[in-house]
Amino acid sequence: MSRGAVDAAAEPQTAVVDYAGPNIAKEMHVGHLRSSILGDALARTLAFLGHQVIRQNHVGDFGTQFGMLIRQGRELSLDRGNVAISDLDAYYKQAAQRDKEDPQFAAEARQAVVDLQHGKPEAVSIWHWIVHESRRHCRELFDQLGITLTPADERGESFYKDRLPKVVALLQSALGSGGDGPDDQGPDGAPATATPPGEAKVSRAFATVSDGAVCVFLPGYVDKDKKPLPLIIQKSDGAFLYATTDLAALHFRIIENKLTPEDQAPLNCDWHAQRVIYTTDSRQAQHFSMVFDALRAAHWDINPVSGRPVRLEHAAFGAILGDDGKPFKTRSGESVKLRDLLAEAVQRADEVLLQKRPDLSAADRHAVAKAVGIGAIKYADLRQDRTTDYIFNWDRMLSFEGNTGPYLQYTYARICSILRKARQEVSAAPAGAIILTEPQEIALAKKLLAFASAVDSVVRDLRPHHLCHYLYELCGAYSSFYENCPVLKAADAATRHSRLQLCVVTAGVLRVGLQELLGIAVLDEM
RNA sequence: GCGCUAGUAGCUCAAUUGGAUAGAGCGUUGGCCUCCGAAGCCAAAGGUUGUGGGUUCGACUCCCGCCUGGCGCACCA
């Protein structure tokens, strides 16, 4: 019962899960929570079903903000290898403050960007140091959260920087006009290009220059004045943008599939993605819609191996709100640091355990508190339909009652308790049939059989809350069974054995579902 | 203004994608520990699914209008 009777997918796919990583110059905050938890649950579930999953942490590590950070870093040059950025936010704020107030600092910061982009060793060295420290910080939090991202999964903006000019050039060539490429007219009659009169001759080109910026015009997108809305891939000053990097990343993941000598991150398996999933908040829905459409228009969405279109999905999610229904912030209006949030969860769980389990040693209690506190946060997030906003409430998620992480963990621990006792009493586990007579036994067995379809709906719709809902109902079915059907004290040996088997299977499904698929730790005792 | 999204019990959320009497938890009320972990179980009360039309044998779900909230809409990510 190691898989809960779930078969591997008939047609395994190569799927990229892009966790849409944090901006590396700042400390991680509550805004990164859903992306990490959701992306990881999806990656874990896809992998469990036998798909080849390529996890990607697409960190923001090459933006203009690095200019001032590098400039700031120059003053910490002594023993840089031993200096840690203990508080990235403070460091960032300090740099931003000086950038604002000190014109000379700002000028040097701008120069530092150029230095970085030209590979000047001094700037690159400081950049490496900042990135290294940030990476350490991220890894620490991912470890705490039980996120399966590793350093090898990290490809940020810097990874794609050398590919951006080529991407723009390719999109500017006639590439998109071949075959059944985009028409010059959108379906609603809107022109597919907004090329100024002087440049009208490039109308067959796919990407066009408008107001000095390289743009891709796609049918169906208009701005406030009903004029065609471009996807800008190169600014008028020559700089590249988020959309450029996303297109370059998609091109790399689907088509390119090879490294250059400069690339730092390894290519640990054959890419050529058949499915690409982004977990970012819903505000970016239009951005991804346009990027995907641009990719399709360029025919870059065709997998070179299968010749079939790649499944491109934006697993958008809503905001985390405070009790007042407004974005979750600290009392002083700052964004909540992820580190503080996790610490508070563990602390609160520890306080509850102090009441419930005064017999535990401090060390044991803390270990349980960690699993319970982190699990509570993750479950509270995953149990909600990702597309909607939800209200973050400590008391609700940690109440240990009702549809919460702790309740599911508790149910699992209770089963384990029975199994421990059974092993003590049973010398040899006899093979035998499961006999279903009591209504609670039948209900539990039926529930167990529904596991596979719950898992399936997670990857079909990218909705882990279906699995949460299922696991919660399974726990309810088990609890009813537990109340009404004695296991260890069953009337006869066959019934006892049968019920023990039901316990084993239920525990197996809970362990797989919670721990392996959702990334929520289970405990034999709590 | 245009687009996306949401509105379901006092509160927080579901509803297997159009199926039978709209389900849970919290809270409220009442039961169940000499019995495998009561962080549990059983039961009750609580609904004109924002609103007005339409399609359908059948609508929380699909279509149209309206109301309310959130978000987005040319060189940020």
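Order of the sequence lines sets the chain letters (A, B, ...), proteins ahead of strands, with each chain counted from 1.
Between A77(B), C35(B), A74(B), one nucleotide has an atom nearer to the side chain of K489(A) than all others, and that is C35(B). Side chain of E157(A), nearest nucleotide from A24(B), A77(B), G37(B): A77(B). Of the candidates A74(B), A77(B), G37(B), A77(B) carries the atom nearest the Y242(A) side chain, counting heavy atoms from C-beta on.
Comparing the same atom, C1', in A24(B) and in G46(B) gives a spacing of 14 Å after rounding to whole Å. When the P atom is used for both A14(B) and G25(B), the distance is 16 Å, rounded to whole Å. Taking atom P on both U68(B) and U21(B), the two are 35 Å apart, rounded to the nearest angstrom. Separating the P atom of C26(B) from that of C62(B) is a span of 31 Å, rounded to the nearest Å. For the P atoms, the distance linking A39(B) with U48(B) amounts to 36 Å, nearest Å. For the C1' atoms, the distance from A38(B) to C32(B) is 9 Å, rounded to whole Å.
Between F481(A) and Y478(A), the ring centre distance stays below 6.0 Å. A centroid separation of 6.0 Å or more is found between the aromatic rings of Y160(A) and H251(A). Between Y407(A) and Y472(A), the distance from one ring center to the other falls under 6.0 angstrom. For F159(A) and F252(A), the gap between ring centers is short of 6.0 Å.
The aromatic rings of Y278(A) and F292(A) sit tilted, their planes meeting at an angle between 30° and 60°.
A side-chain donor from one of Q284(A) and Y242(A) sits under 3.5 Å from a side-chain acceptor of the other. Donor-acceptor pairing under 3.5 Å is recorded for the side chains of D293(A) and Y221(A).
Glycosidic conformation, C73(B): anti, with the torsion outside 90° of 0.
Under the side chain to side chain donor-acceptor pair (under 3.5 Å) rule, E351(A) has a single partner from Q347(A), Q355(A), R348(A), which is Q347(A).
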Contacts under 3.5 Å, N or O only, protein and nucleotides 40-44 of chain B:
unit_1 : atom_1 : unit_2  : atom_2 : d
G40(B) : O2'    : R414(A) : NH2    : 3.1
G40(B) : O2'    : E483(A) : OE2    : 3.4
C41(B) : OP1    : Y407(A) : OH     : 3.1
C41(B) : O4'    : E483(A) : OE2    : 3.4
C41(B) : O3'    : S480(A) : OG     : 3.4
C42(B) : OP1    : S480(A) : OG     : 2.8

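Between K421(A) and G37(B) there is a side-chain N or O to OP1 or OP2 distance below 4.0 Å.
Across every strand in view, G46(B) sits unpaired, with no contact that passes the Watson-Crick or G-U test at under 3.5 angstrom.
Heavy atoms from other residues, nucleotides or ligands lying under 6.0 Å from NZ of K161(A) number more than 12.
For A74(B), its base sits under 3.5 Å from the side chain of S210(A) at one donor and acceptor pair at least.
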Contact string for nucleotides 1-17 of chain B, one letter per nucleotide 5' to 3', B = base within protein heavy-atom range under 4.0 Å, S = sugar-phosphate only, - = neither, reads B----------SSSS-B
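Mapping V487(A) and T404(A) onto RNA chain B via the closest heavy atom, the residue that lands nearer the 5' end is T404(A).
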